[in-house]
Novice: 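Okay, here's the structure, questions in a sec.
Residue numbers start at 1 and run along the sequence shown. Side chains included, hydrogens not; waters and symmetry mates left out as well; all remaining heavy atoms used.
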Amino acid sequence: LALWVASYLLLLALGIRLFREGVWLAPVALVPLTYHWSYNMWFFSGMEVPLVSFWIIAAVFFFSLDPEEHPTALAWAALCGVGLAMTRADGLIPVAGLAIAGLTLYGRRLIRERQWRRYLLYPALPFLIIYLPYTLWRVVYYGSLLPNTYYAKVAYLTYYTRGWEYLSGYFEMYRLA
């Protein structure tokens, strides 16, 4: 419940901040999520879904802050990305998306203005200090990069058919998506 409330509060704060910066429809983005049955139902499932959702929203919230005004914003976004990746292995996918967006947005400042510390070092530190040692320990201790639950659920099944089933089911349930 706490993560559900915190996720909505972060989204609302993000919407209000973007509204103040001139994106007038930003707070309205909360409305479809409020009525999204699956999103709200899975928050109370007892699984990792609320934590994953919270980490993604928090990472986007910090990533959307201007690094010139908030010098540690990208480091906070990266720390949320570490939490996301440690919660679920596939959490690295949205983290990679934010990293690519960061290089696209701040690449010029990184190369021409040589602001390596703010745009590369600070965001990399959480991964170097927390995620990398944790992952190395996990691989050495458990003998595998992915958790045991992954192998118990999918074993050696084909991945594409399962993904297609989930995607088809989603579009069947939410036709307007």
Side-chain angles (χ1 to χ4, degrees), residues 1-106 119 122-124 126-127 130-131 134 146-147 149-150 153-154 159-177:
L1 179 62
L3 288 170
W4 186 63
V5 170
S7 295
Y8 273 109
L9 288 176
L10 267 176
L11 280 172
L12 182 61
L14 177 62
I16 290 170
R17 188 170 48 75
L18 291 175
F19 177 79
R20 289 181 179 161
E21 292 176 8
V23 183
W24 295 0
L25 289 177
V28 177
L30 214 63
V31 175
L33 198 58
T34 306
Y35 290 103
H36 196 283
W37 180 82
S38 297
Y39 181 81
N40 293 295
M41 191 267 307
W42 284 107
F43 254 94
F44 301 100
S45 67
M47 297 176 67
E48 77 280 1
V49 174
L51 189 57
V52 168
S53 180
F54 174 78
W55 283 130
I56 290 174
I57 293 168
V60 169
F61 176 83
F62 286 115
F63 184 81
S64 70
L65 294 172
D66 183 7
E68 295 296 322
E69 293 178 27
H70 307 278
T72 60
L74 295 177
W76 283 106
L79 188 60
C80 293
V82 166
L84 176 61
M86 290 174 72
T87 303
R88 284 185 58 124
D90 58 353
L92 287 173
I93 295 169
V95 170
L98 285 177
I100 291 168
L103 289 173
T104 303
L105 290 171
Y106 307 119
Y119 295 105
Y122 291 161
F127 283 92
I130 300 169
Y131 184 74
Y134 166 75
L146 298 172
T149 53
Y150 167 79
K153 289 179 184 176
V154 297
Y159 308 109
Y160 304 112
T161 55
R162 292 180 54 111
W164 182 251
E165 287 175 25
Y166 283 121
L167 187 62
S168 299
Y170 182 85
F171 283 121
E172 189 175 309
M173 182 178 278
Y174 300 104
R175 294 191 186 276
L176 292 177

Novice: Would you say that I130 contacts L79 through its side chain, given a criterion of any heavy-atom pair below 4.5 Å between the two side chains?
Specialist: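 Yes - at least one pair of side-chain heavy atoms lies under 4.5 Å apart.
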Novice: Restricting to non-hydrogen atoms, name the atom on F19 and the atom on W24 that form the minimum distance, rounded to 0.1 Å.
Specialist: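 Looking at all heavy atoms of both residues, the closest pair is CD1-O, 3.4 Å.
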Novice: CG of L30 to CG of L11: how many Å apart, nearest 0.5 Å?
Specialist: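 One gets 5.5 Å once the value is rounded to the nearest 0.5 Å.
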Novice: Under the 3.5 angstrom rule, does the side chain of S168 hit a backbone N or O of W164 as a donor-acceptor pair?
Specialist: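 Checking the backbone N and O of W164 against the side chain of S168, a donor-acceptor pair under 3.5 Å is found.
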Novice: Of all the heavy-atom pairs spanning P126 and A78, show the shortest one and how long it is.
Specialist: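 So the two residues come closest at CG-CB, 3.9 Å.
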Novice: Roughly how far, to the nearest 0.5 Å, is CG of L18 from CZ of F61?
Specialist: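 Reported value, rounded in 0.5 Å steps: 9.5 Å.
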Novice: As an exercise, state the distance from CG of L65 to CG of L74, rounded to the nearest 0.5 Å.
Specialist: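 It is 9.0 Å, given to the nearest 0.5 Å.
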Novice: How long is the span from the CG atom in N40 to the OG atom in S7, to the nearest 0.5 Å?
Specialist: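 The distance works out to 10.0 Å.
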Novice: Please check if the side chain of Y8 supplies one atom and the backbone of L33 the other of a donor-acceptor pair under 3.5 Å.
Specialist: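 Yes, Y8 side chain to L33 backbone: donor-acceptor pair under 3.5 Å.
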Novice: If you compare all heavy atoms of F127 against all heavy atoms of G81, which two are closest, and at what distance to 0.1 Å?
Specialist: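 Where F127 meets G81 most closely, the heavy atoms are CZ-C, 4.0 Å.
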Novice: Atom SG of C80 and atom CZ of F54: how far apart are they, to the nearest 0.5 Å?
Specialist: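 These two atoms lie 6.5 Å from each other.
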Novice: Taking side chain as C-beta onward, heavy atoms only, is V82 less than 4.5 Å from W55?
Specialist: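 When only atoms from C-beta onward are counted, W55 and V82 do not touch, as no gap falls below 4.5 Å.
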Novice: Nearest heavy-atom pair of L14 and V60: which atoms, and what distance?
Specialist: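 Heavy atoms of L14 and V60 come nearest at CD2-CG1, 4.3 Å.
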Novice: May I ask you to decide if the ring planes of H36 and Y39 are parallel, tilted or perpendicular, using 30° and 60° as cut-offs?
Specialist: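 Correct class here is perpendicular.
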Novice: So do Y131 and L92 actually touch side chain to side chain, heavy atoms under 4.5 Å?
Specialist: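 The answer is yes, as the side chains (C-beta and beyond) meet within the 4.5 Å cut-off.
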Novice: Quick one: closest heavy-atom pair of P67 and Y106, and the distance?
Specialist: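 Taking P67 first and Y106 second, the nearest heavy atoms are CD-OH, 3.3 Å.
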Novice: Can you name the closest pair of heavy atoms from A77 and F63 and give their distance?
Specialist: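 Shortest heavy-atom separation between A77 and F63 comes out as CB-N, 3.7 Å.
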Novice: Do other residues, nucleotides or ligands put more than 12 heavy atoms under 6.0 Å from E172 CD?
Specialist: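 No, because the 6.0 Å sphere around CD of E172 holds 12 heavy atoms or fewer from other groups.
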Novice: Report the distance from atom CG of L84 to atom CD1 of I56, rounding to the nearest 0.5 Å.
Specialist: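 It is 5.0 Å, given to the nearest 0.5 Å.
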